[in-house]
Amino acid sequence: MTPSPDVDTINSPDVDSERNSNSAADSLDELPDEVEMSLSDHLEELRRRIFYSLIAVAVGVIGCFMVVKPLVQLLEIPAHGIKFLQLAPGEYFFVSIKVAGYSGLVLSSPFILYQIVQFVLPGLTRRERRLLGPVVLGSSVLFVGGLVFAYFLLIPAALQFFISYGADVVEQLWSIEKYFEFVLLLLFSTGLAFQIPVIQLLLGNLGIVSSAQMLAGWRFVIMFAVVLGAVLTPSTDPLTQSLLAGAVLGLYFGGIGLVKLTGN
């Protein structure tokens with residue numbers, strides 16, 4: 001006959017604690033708002049969210065176009081008095097559209113993020129939902145930080161390099177279209193590059209990559225940062241590429257520390 005289990009063992013605090021722990025872990029992996037939806041319902045929901053986002057972008061672009069002149073003047077400040085030329089009919093008009101487009105996209109990005117969150121939220125577990133707040137907030141702050149970093153450090157450094165390099169040979173008269181292609185691309189590529197810690201936080205908390213594994217690949221990260229700095233910067237000067245590569249490395253190792261703090 002099999003001996004019956006000890007009653008004290010069954011009711012011991014260790015057993016109760018383990019049961020509570022397992023119950024809490026299971027509850028974190030549940031879908032609190034699980035709703036059955038057909039494929040057509042999902043596609044209709046996606047279409048609606050995209051439509052709302054496009055409306056927000058359109059409103060943002062139109063609003064920015066109405067005040068585009070101050071935006072253009074603000075982006076001209078890093079050039080330090082360089083004279084800009086309109087080399088073709090309508091060049092400044094198309095530059096204004098580009099500036100309004102990028103600015104409107106930035107202004108409408110919080111609403112777009114909200115639509116994305118609302119679309120994916122029903123399919124997320126409680127554990128995954130806890131990441132939404134830090135990820136959305138961190139992504140927004142880091143993107144703005146990337147814009148500020150590019151505006152105050154990268155762009156002035158790149159422009160100063162080009163101005164000083166040919167100062168005694170050529171007169172500095174720049175095409176306004178080429179200048180704004182350079183500035184806008186550098187601004188937004190830097191903003192995107194600053195999303196690295198957010199990606200690391202997601203990978204770490206989803207159990208895909210640990211902080212130790214991220215740190216172990218530091219040699220490849222250095223090479224990747226150098227290549228990324230060369231690819232994302234529209235200029236070819238080493239100072240701008242080094243500044244961006246250094247920022248990427250700082251963000252990456254800062255992201256490792258963030259993942260470590262979360263216990264991963």
Side-chain angles (χ1 to χ4, degrees), residues 28-29 75 78 102 105-106 109-110 112-113 116-117 120 123-125 127-162 164-165 180-264:
L28 288 177
D29 294 326
L75 293 174
Y102 279 100
L105 187 60
V106 170
S109 59
I112 296 173
L113 281 174
I116 294 173
V117 168
V120 303
L124 298 180
T125 63
R127 187 190 306 277
E128 293 166 342
R129 290 186 180 198
R130 296 195 306 181
L131 294 174
L132 275 180
V135 165
V136 172
L137 179 61
S139 177
S140 303
V141 171
L142 285 171
F143 186 80
V144 174
L147 297 181
V148 172
F149 178 79
Y151 183 80
F152 287 102
L153 289 178
L154 285 185
I155 294 174
L159 296 180
Q160 185 59 38
F161 173 84
F162 289 127
S164 60
Y165 181 79
F180 274 91
E181 284 180 359
F182 169 82
V183 168
L184 293 173
L185 180 59
L186 189 54
L187 281 169
F188 278 82
S189 60
T190 306
L192 293 176
F194 269 52
Q195 302 301 304
I196 290 175
V198 175
I199 298 173
Q200 290 176 276
L201 182 64
L202 283 173
L203 293 176
N205 282 271
L206 292 177
I208 300 175
V209 183
S210 66
S211 58
Q213 291 173 320
M214 294 179 188
L215 187 60
W218 64 269
R219 295 179 180 85
F220 300 101
V221 173
I222 292 177
M223 182 178 67
F224 173 76
V226 173
V227 173
L228 189 67
V231 171
L232 291 184
T233 52
S235 62
T236 56
D237 65 289
L239 179 59
T240 308
Q241 295 176 7
S242 299
L243 283 173
L244 184 56
V248 168
L249 287 175
L251 289 166
Y252 181 81
F253 288 110
I256 293 177
L258 185 62
V259 174
K260 186 70 174 177
L261 287 176
T262 60
N264 297 289

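Heavy-atom basis, side chains included; hydrogens, waters and symmetry copies ignored. Everything quoted here is computed from the prediction, not taken from an experiment.
Smallest separation of non-hydrogen atoms from S211 and K260: OG-CD, 3.5 Å. Taking each heavy atom of V198 and G138 in turn, the nearest pair found is CG2-C, 3.9 Å. The nearest pair of heavy atoms linking L251 to A193 is CD1-O, 4.1 Å. Closest of all the heavy-atom pairs between G204 and V259 is CA-CG1, 4.1 Å.
Legend: residues meeting side-chain contact (heavy atoms from CB on, under 4.5 Å) with V144, ordered by chain and number and at least two apart, are V148. Partners of F180 by ring pair (Phe, Tyr, Trp, His ring centres under 6.0 Å), not counting sequence neighbours: none found. For Y102, the side-chain contact (heavy atoms from CB on, under 4.5 Å) partners are L184, F188, not counting sequence neighbours. Listed by chain and residue number, nothing satisfies the side-chain contact (heavy atoms from CB on, under 4.5 Å) test with L261 (two or more places apart in sequence, or in another chain). Qualifying side-chain contact (heavy atoms from CB on, under 4.5 Å) partners for A225, counting only residues two or more places apart in sequence or in other chains: A245, V248, L249.
Remark: F143 CZ to T190 OG1 distance equals 9.5 Å, nearest 0.5 Å. With rounding to the nearest 0.5 Å, the separation of CG in L159 from OG in S164 is 10.5 Å. Distance check, rounded to the nearest 0.5 Å: CG of L192 to CG of L147 gives 9.0 Å.
A heavy-atom distance below 4.5 Å is found between the side chains of I155 and L187. Side chains of P78 and V183 form no contact here, defined as non-hydrogen atoms less than 4.5 Å apart.
Among residue pairs with one or both ends in residues 239-264, none qualify as ring-ring contact (aromatic ring centres under 6.0 Å, His included); sequence neighbours excluded. Sorted by first and then second residue, the side chain to side chain donor-acceptor pair (under 3.5 Å) pairs involving residues 150-160 (not counting sequence neighbours) form an empty list. Screening residues 131-149 for side chain to side chain donor-acceptor pair (under 3.5 Å) gives S139-Q195 as the qualifying pairs, with residues at least two apart or on separate chains.
The aromatic rings of F162 and F182 stand perpendicular to each other, their planes meeting at an angle above 60°, with 30° marking the opposite boundary.
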Exercise for review: Assess whether side chain to side chain contact (heavy atoms under 4.5 Å, CB included) is satisfied between V136 and I116, documenting all intermediate values.
Suggested key: CA-CA 10 Å; V136 172; I116 294 173; over 6 Å; no
Which atom pairs, one a donor and one an acceptor, fall under 3.5 Å between side chains of residues 213-224 and the rest of the protein, sequence neighbours left out?
unit_1	atom_1	unit_2	atom_2	d
Q213	OE1	S210	N	2.9
Q213	OE1	S210	OG	3.4

